[in-house]
Amino acid sequence: MRRLGSALLVTVLTCGLLVTPVLAEPSIDTLKKNKNEAQSEVNSLQKELTELMSKISKLEGDLIAKGQEITQAEEDLDAAQIKEEEQYEAMKLRIKFMYEEGDASFIETLVSAENFSDLINKAEYVQNVHDYDRDQLQEYVETKNQIAELKTTLEEDQKKLESLQVEYEDQKVVLDTTIEEKRAEVA
């Protein structure tokens, strides 16, 4: 009985070994192929990273140039605002003068003409003053519009460049992470 038990035990163990799946390690060729594929992906990703770095470098150059433009535009803006204030003060003085003197001064100027040529000269003078006032008002309005447009353009350009920079930085982080993962896979 003991022999029978031993024979049964040996038979069960032998059958168990035959049924147990043997996991073969991948062949060297398969490992080399996988390594080469992963290395190709790393190379491709590094190329993308290089292109992205080139774009980031160009963007930084654009940001520097835009920064210089913004600095110049801010100086222009300051000059335009000073000009606007000067024009405003000149208009206030002119309006104050017209209020204090009244519209009668134009009529008095025309009526006080001594002869016809003097009347024409004084009428031309009144017309020139009127044209000058109108031109100054138009110039003031144009200066204010120029300031508003300049501010808006600068703010839009700055926001556009900053969002582009953030986008490129995000892409760089993603590529760096992917490259590190692939390098670990290759190793």
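Other residues, nucleotides and ligands place no more than 12 heavy atoms under 6.0 Å from the CD atom of E114.
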Dump the intermediate steps for side chain to side chain donor-acceptor pair (under 3.5 Å) on E142 and Q146, then the final yes or no.
CA-CA 6 Å; E142 288 172 1; Q146 177 187 9; over 6 Å; no
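Put simply, the side chain of S44 never gets that close to the backbone of S40: no donor and acceptor are under 3.5 Å apart. No donor-acceptor distance shorter than 3.5 angstrom exists from the side chain of S57 to the backbone of M53, with no hydrogens or angles considered. Distance alone, capped at 3.5 Å, is enough to place a donor-acceptor pair between the T177 side chain and the V173 backbone.
One finds no salt bridge joining K159 and E156 here, because no Lys/Arg side-chain nitrogen approaches an Asp/Glu carboxylate oxygen to under 4.0 Å.
The closest side-chain heavy-atom distance from D176 to E180 is not below 4.5 Å. In this structure, N145 and V141 have side chains that are in contact, with non-hydrogen atoms separated by less than 4.5 Å. In this structure the side chain of E48 never reaches within 4.5 angstrom of the side chain of Q171, judged on heavy atoms. Here the side chains of L93 and E89 are not in contact, with every heavy-atom distance at 4.5 Å or above.
With hydrogens and angles left out, the side-chain atoms of Q81 and E85 include no donor and acceptor closer than 3.5 Å.
No path of Ile, Leu, Val, Met, Phe, Trp and Tyr side chains, each step under 4.5 Å between heavy atoms, connects Y168 with V174, placing them in separate hydrophobic clusters.
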